[in-house]
Each structure stands twice: as structure tokens, then as C-alpha cells.
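First up is the structure itself, then whatever we jot down about it.
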Amino acid sequence: MNFNNSIIKIKDFYKTYKMGDTEVQACAGIDLDIPEGEFAIIMGPSGSGKSTLMNIIGCLDRPTSGTYRLDGVEVSTLDDDELARIRNQKIGFVFQKFHLLAGSSARENVELPMIYAGVSSKERTSFAVKSLDRVGLLERMNHNPNELSGGQMQRVAIARSLVNKPSILLADEPTGNLDSKSGAEIMALFQELHRQGRTIVLITHNPEMAKYGTRVIKLYDGKIISDEVVKESERVILASKNNDHAITERVNIRGRMNILQSFKVAWKSLKANKMRSLLTMLGIIIGVAAVIVMTSIGEGTRYHVMQQIYSLGTNLIFVRPAPRENVVRGSVESELRRLTMKDVELIEEKSTLIAGIAPQISRAVTVRYLANNLNCNLIGTTPDFFQVRNFPVEIGRAFGEDEHISRASVCVLGSYVAEQLFGKDADPVGKTVKISAGTTPHQKNAAGVRLTVIGVLKSKGQTFGEDNDRQIIVPLNTVKYRLFNPRFIGVIFLEASSTDSIQNAIDEVQSIIMPLHGYNTRYIEIQSQEEILSRVGAAMGAFTFMLGGIAFVSLLVGGIGIMNIMLVSVTERTREIGLRKALGARKSDILFQFLVEALVLGITGGIIGIIIGLGLSRVYTVLAAFSSLQMLSKTFISVHAILLAFSFSAMVGIFFGLYPARRAASLDPIEALRYE
């Protein structure tokens with residue numbers, strides 16, 4: 001026998017396993033040369049070391065000591081990626097237990113080695129179909145393993161082992177789980193492959209297999225006890241159904257799995273366990289939906305509050321008493337905290353930056369017209385009120401300065417008041433209503449005062465809980481001298497002459513009225529509309545951030561769920577990982593595959609969460625519109641919130657999927673294949 005062209009050369013080979021404190025020597029001092037084109041049968045009883053020897057030859061395991069040269073290359077010097085390349089391109093495996101992926105068809109199982117060789121999808125399909133056709137399984141190529149017989153599954157395994165056209169074919173008990181007829185068909189197929197030039201190493205404990213090879217190597221207790229060439233006269237040549245046609249053609253190997261294929265493999269793995277995948281994504285779905293709903297409610301509320309502030313008027317300045325905590329009524333300090341008409345008069349007289357001034361006093365009253373009566377809010381103010389407070393009159397007119405000075409018995413009704421007293425389509429202008437102001441000692445005309453309606457305000461809705469449509473606007477002097485005589489002003493609304501002059505106007509007003517209030521800025525508050533907007537905006541922003549933060553906690557919980565399920569998946573799919581590595585998957589391929597699975601879970605959960613979040617936001621808007629939550633009846637879908645939630649869900653998938661992916665990638669291929 002000529003060993004000069006040995007494709008497998010093993011010298012002084014030892015393999016020792018540690019089982020607790022005990023060392024078990026599976027192979028002890030083996031020397032073996034297998035020339036290219038040989039059909040070697042390695043025989044031996046269980047525990048003889050034959051499977052260990054095959055695993056070393058197949059680069060699934062490493063020897064404890066000794067040398068192993070494969071096609072002239074010392075295997076011990078190769079790293080994991082180089083060993084994976086050899087398993088993918090130089091060695092084809094046929095396992096006793098077939099090791100077919102349960103959720104994949106026969107064609108998809110045959111395509112596996114080509115996936116890790118970087119073969120294109122179109123080429124993979126073409127070669128897989130041809131390979132299955134030539135092992136007699138074309139009509140079964142779309143069937144899953146559970147729909148195939150044992151012989152058919154072994155044929156699929158053989159077709160898979162050949163698609164990358166390896167130079168060596170390793171078969172471990174290929175007929176051990178088959179009936180005699182199926183076993184004979186498989187051995188006939190191996191003989192055909194041998195005639196085509198394949199180097200075949202077949203492991204078996206069955207002496208009957210010896211008659212099919214060209215050489216028989218017997219092992220016992222980890223040592224070779226005999227190595228004999230099978231005489232031609234003693235060989236059994238089986239007829240093949242394939243007429244000695246080549247099983248495969250040369251594939252276009254690019255070297256490694258591409259990114260797109262990683263996503264396809266990951267998606268297929270997740271589809272195989274739809275319910276578990278959905279439950280895994282549930283935390284992400286809830287988290288993303290919650291982020292969108294919470295932020296949309298927060299943004300809607302913020303918008304509503306801002307609109308209410310803007311509706312108060314433009315360039316608006318508020319002058320009002322500061323809060324009076326622990327202040328004795330009637331004390332000097334209490335009086336200094338009050339606003340009076342003197343403040344109004346001084347501002348009118350001395351201010352140069354104020355375009356309008358509207359002092360306001362208000363009181364709850366009852367208004368009557370014929371048999372109709374309504375409780376509402378009466379506001380006593382000056383003609384500037386309608387401009388300063390942005391209250392346009394829709395029907396009739398507002399009262400003027402003459403009517404204010406002459407204490408005219410006129411009023412302007414809110415739209416709701418007009419509708420309740422006169423009906424929806426009636427014109428109340430010119431009609432007389434009766435106002436009952438109360439019976440306290442400071443309130444005159446408890447029996448009521450008649451006022452002529454001269455206008456109806458345009459509907460404005462509510463502002464900070466105050467119903468702007470449920471009020472009556474009356475000249476301030478009329479209120480003071482015909483209804484009741486309040487000593488103090490509740491609030492003074494000022495309109496700055498321009499937006500740029502607001503702060504200067506505030507400083508000016510403060511210098512004008514502070515002498516009346518003990519020069520103490522703690523007694524009177526002077527704020528601009530912009531200042532209130534800024535404070536409210538900051539508060540609402542914090543509110544939205546808080547809601548979003550609560551929702552993001554759900555995303556973290558979802559991420560923990562992904563990690564937990566991925567760890568379970570790694571355990572369940574240990575043998576699958578071992579198979580993929582045996583077929584040429586690198587550590588990086590396995591790492592990326594499981595990382596992509598976690599990423600796909602995060603992304604898919606994010607997409608579903610976005611859809612649900614948008615739907616819930618719409619449902620919330622509809623329900624709030626018919627409830628007492630009018631203030632919150634508008635939501636704004638924030639594109640930034642959607643992008644942030646989606647990106648975070650993807651990052652959660654990657655972050656929490658990294659540990660399980662690294663654990664999967666670190667599995668030893670032979671230990672993974674043996675996992676039960």
C-alpha cells in the first residue's frame with residue numbers, strides 16, 4: 001500500500017478524558033495512514049475508541065498528544081475558524097442519528113453546509129435539488145424529517161455531506177438505525193461514491209460491514225489491533241440505483257455565511273416556535289406600546305395646556321396677589337398682599353410699555369331670563385378685557401369706555417349662557433336678563449339687577465378648569481356700584497406693547513406698584529405668559545419623561561425575558577449547534593445567528609408594539625373625548641418617541657441576547673452533538 005499520498009496521517013495519537021478524578025484513555029498510541037481514495041472500515045466494540053478517532057479525523061475534537069496531518073496540514077496548529085473551514089469544505093459527515101433539523105425540509109437540510117460556505121441562495125437550491133435527485137429523493141425534497149423513513153433520512157444526510165464536494169466522507173454507524181434493506185441501499189451508495197474517487201472512513205461495530213470496504217482497521221481498548229486490506233475476491237459489490245453518475249458538481253464557495261442569510265436562518269428558527277417567540281416578544285411589545293401611548297398622552301396634554309395659555313391672550317402679563325399662607329386676615333401684611341384700583345390707576349398713569357390693562361373681579365351669580373335660570377361666573381372688567389384676554393365677540397358688540405364710566409346696565413354673555421337662556425339659534429342682543437348677586441353684607445341688590453345683553457362671546461371652551469363660555473362680562477364700574485362693591489381686585493391682566501418689551505414692561509410695572517405693597521416682591525406676583533409657558537412646558541416635559549421612563553421599564557423586563565428564553569433555546573438546541581459547527585459554522589456564525597435571533601425578536605416586538613401603541617393612542621383619544629377627560633382628549637404621536645422606542649427595543653434584543661449568543665458560540669461541537 002502506497003502511503004506517499006496519504007490524506008490522513010496520524011502518529012502516536014493519544015486521547016484522554018477526565019471523568020471526575022478518573023482518567024479514561026480513549027485512544028492510546030495510534031498510528032494510522034489513509035491514502036486518498038480509500039474506503040476504510042474502522043471496526044471495534046463499544047468503548048474501543050473508534051468514535052473518538054473519527055471525531056479527531058473530522059476535526060470535531062483534538063488529541064491530547066500526538067500529531068494529525070490532514071492533506072499535509074498539521075491540524076493542531078489550526079484555530080477554530082480554520083477547523084470550521086476544513087469541516088465545511090474538506091470533510092463530509094454522515095451521522096448514525098442523522099442529525100437533521102426537525103423544522104426544515106430535506107432540501108433545506110441539504111443546503112446547510114452551503115450556507116456556511118457562503119454559496120448564494122439560487123446556487124444552494126440548485127445543488128440541493130440535484131443532490132437529492134441523485135440519491136433518489138427528489139419527490140421528497142420538501143418533506144420534513146418526521147415525514148421520512150430512516151433510510152430516506154440517511155440519504156438526506158449523505159446528500160448533505162456531499163454538496164460542498166469534500167475530499168473525505170466520514171460515516172459513523174450509518175446503517176446502525178436502519179433495516180437490512182435500507183442498510184444495503186446506503187452501503188451501495190457509499191460504494192458508488194468510492195468509485196467516484198471519494199475517500200471514505202466508515203465507523204461500525206458490525207463485522208458484516210467489513211466486506212464492503214477496501215480496508216478494515218480494528219480497534220480495541222484504544223489501540224489498533226489489526227489493519228488489513230480486503231481482497232477483491234472477498235469484497236461484496238452492491239449495485240447502485242444511480243448508475244454511477246456524479247452526485248454533485250463543484251459549488252461556488254465564497255468562504256463564509258452572509259449577513260442576509262443569518263437573518264433568514266434566525267427568522268426560520270423563530271417561526272419554528274411561533275408561540276414561544278410571541279410570548280418572548282410580549283414584554284417588548286408592551287414596553288414599546290406603553291412608551292408610545294404614554295408619550296403621546298403626555299405630548300397631547302402638554303399641547304392642550306400650552307394652547308390654553310396661548311388662548312389667554314398675546315404678550316400677556318399677570319399681576320396677582322402672592323399666596324397668603326399663615327397671614328392673619330386684616331393685618332398689615334394681609335392688606336399689602338391685596339390689589340386695588342389704585343394699582344390699576346397708577347399703571348394706567350405711569351406705564352409706557354403697556355398697551356392694554358384689564359383688572360378683573362369675579363363672583364358666582366345666578367342669571368335669569370323668563371323661566372330660565374343658570375348659575376355662572378360674572379366678571380367685572382374694563383373694555384380692554386376683550387383685547388387683552390383675547391375674547392372676540394361673535395354676536396353684537398363689546399361694551400365701550402363710555403358704558404364703563406357711566407355704569408351702564410349692559411353685559412356680554414358667554415356662548416353657553418346665551419344658549420341656555422335663549423335657545424341655540426335665538427338672538428339675545430337687546431334682551432334683558434336679571435342677575436342675582438348674593439346676600440352678604442357687602443353685596444347690594446340681592447333681589448337682582450337687570451342688564452341688557454349687547455353681545456355674545458365666541459365659544460372658547462375651558463382654560464385651566466374655568467369654563468370661558470359659562471360667564472357674563474359686565475363693566476367694572478357697573479359691578480361696583482350696581483351689583484356689589486368689592487374692595488380688592490382679583491387679578492390684573494396687562495398686554496405688553498410688543499413681545500420684545502415684555503420683560504421691560506414687567507420691571508416697569510413692578511417699580512410702579514411696589515411702593516403700594518411695602519416694596520416687597522413676595523407680596524405681589526408679576527409673571528409673563530412666556531414665563532408660565534416655560535414653567536408649564538418644563539413640568540409637562542418632566543411628566544412626559546416620567547411616563548416614558550415607566551414604560552421603558554417594561555422594555556427592560558422584556559429584554560430579560562428575551563435573555564431567559566434565548567438561554568433556554570441554547571440548551572434545547574445544543575445538538576443543533578453541534579451539527580451546525582460540524583457542517584462548518586464558525587463561532588462567529590453561531591454567535592451572529594443567535595444574536596440576530598434576539599435582534600429579530602426585539603425588532604419584531606418593536607414593530608408590533610408600535611402598531612398596538614398607535615392603535616391604543618387612537619382608542620384613548622376617542623374614549624377621552626366622550627368622558628370627563630376633555631383636557632386629555634388629544635394625543636400627539638411623537639416620531640422621536642417611536643424611533644427611540646424602536647431603537648431601544650432593538651438594543652434590548654442585542655444586549656440581552658449577547659450572553660446567550662456567546663454561550664452558544666462557545667459550545668464544543670463534539671460535546672454539543674453528544675448532548676441529550
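- When the shell of 6.0 Å around NZ of Lys15 is examined, it contains more than 12 heavy atoms from other residues, nucleotides or ligands.
- In this structure, the side chains of Lys90 and Ile168 stay at 4.5 Å or more apart for every pair of heavy atoms.
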Assess whether side chain to side chain contact (heavy atoms under 4.5 Å, CB included) is satisfied between Thr67 and Glu74, documenting all intermediate values. CA-CA 7 Å; Thr67 62; Glu74 176 54 51; 3.5 Å; yes

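- Once rounded to the nearest 0.5 Å, the distance linking OG of Ser121 with CE of Met114 reads 9.5 Å.
- By the side-chain contact (heavy atoms from CB on, under 4.5 Å) test, Leu567 is found to be paired with Met563, Tyr659, Pro660, Arg663, residues two or more places apart in sequence or in another chain being considered.
- Minimum heavy-atom separation, Thr574 to Ala672: O-CB, 3.3 Å.
- For Ser182 and Asp179, the side-chain atoms include at least one donor-acceptor pair closer than 3.5 Å.
- In this structure, the side chains of His99 and Leu673 come closer than 4.5 Å at one or more pairs of heavy atoms.
- Looking at heavy atoms from C-beta onward, Leu658 lies out of side-chain contact with Ile654 at the 4.5 angstrom threshold.
- For the pairing with Tyr212, the side chain to side chain contact (heavy atoms under 4.5 Å, CB included) check across His194, Arg235, Gln191 returns one residue only, Gln191.
- Ile217 CD1 to Leu202 CG: the interatomic distance, rounded to the nearest 0.5 Å, is 11.5 Å.
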Evaluate side chain to side chain contact (heavy atoms under 4.5 Å, CB included) for Ile10 paired with Leu53, printing each intermediate quantity in order. CA-CA 10 Å; Ile10 293 173; Leu53 178 59; 3.8 Å; yes

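- In this structure a side-chain-to-backbone donor-acceptor pair under 3.5 Å is missing from Ser161 to Val94.
- No hydrogens or angles considered: a donor-acceptor pair under 3.5 Å links the side chains of Ser120 and Glu123.
- Atom CZ of Arg62 is surrounded by more than 12 heavy atoms from other residues, nucleotides or ligands within 6.0 Å.
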Working for side chain to side chain contact (heavy atoms under 4.5 Å, CB included), residues Glu173 and His205: CA-CA 8 Å; Glu173 300 280 8; His205 68 279; 2.7 Å; yes

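- The CZ atom of Arg155 lies 9.0 Å from the OG atom of Ser149; values are rounded to the nearest 0.5 Å.
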Set out, in order, the CA-CA distance, both residues' side-chain angles and the distance that settles side chain to side chain contact (heavy atoms under 4.5 Å, CB included) for Thr199 and Phe39, then state yes or no. CA-CA 6 Å; Thr199 300; Phe39 188 167; over 6 Å; no

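- Ser48 places no side-chain N or O within donor-acceptor distance of the main-chain N or O of Gly222, the cut-off being under 3.5 Å.
- Both tests do not hold together for Lys11 against Phe13: distance to the six-membered ring centre under 6.0 Å, angle to the ring axis within 45°.
- A salt bridge (charged side-chain N to carboxylate O under 4.0 Å, His left out) with Lys587 is found for exactly one of Asp81, Asp668, Asp80, namely Asp80.
- Phe93 pairs by the ring pair (Phe, Tyr, Trp, His ring centres under 6.0 Å) definition with Phe95, not counting sequence neighbours.
- With no hydrogens or angles considered, no side-chain donor-acceptor pair links Ser226 and Glu228 at under 3.5 Å.
- Between Phe127 and Val110 there is no side-chain heavy-atom pair separated by less than 4.5 Å.
- Take Thr604 and apply the side-chain contact (heavy atoms from CB on, under 4.5 Å) test, not counting sequence neighbours, and it matches Trp267, Met281, Val600, Ile608.
- Glu576 is linked by a side-chain hydrogen bond (donor to acceptor under 3.5 Å, both in side chains) to Arg573, Arg580, counting only residues two or more places apart in sequence or in another chain.
- To the nearest 0.5 Å, atom CD1 of residue Ile200 and atom CD1 of residue Ile41 are 8.5 Å apart.
- Side chain of Asn109 to main chain of Ser104: a donor-acceptor pair is present (N/O by atom type, distance under 3.5 Å, no hydrogens or angles).
- Remark: side-chain polar atoms of Glu147 are paired, donor with acceptor, to backbone N or O of Asn144 under 3.5 angstrom.
- In terms of the side-chain hydrogen bond (donor to acceptor under 3.5 Å, both in side chains) criterion, Ser51 has no residue partners (sequence neighbours excluded).
- Taking CG of Leu583 as the start and CD1 of Ile115 as the end, the distance is 10.0 Å to the nearest 0.5 Å.
- Rounding to the nearest 0.5 angstrom, the gap separating the CG atom in Leu138 from the CG atom in Asp133 is 4.5 Å.
- Applying the side-chain hydrogen bond (donor to acceptor under 3.5 Å, both in side chains) rule to Glu208 yields the partners Lys211; only residues at least two apart in sequence or on another chain are considered.
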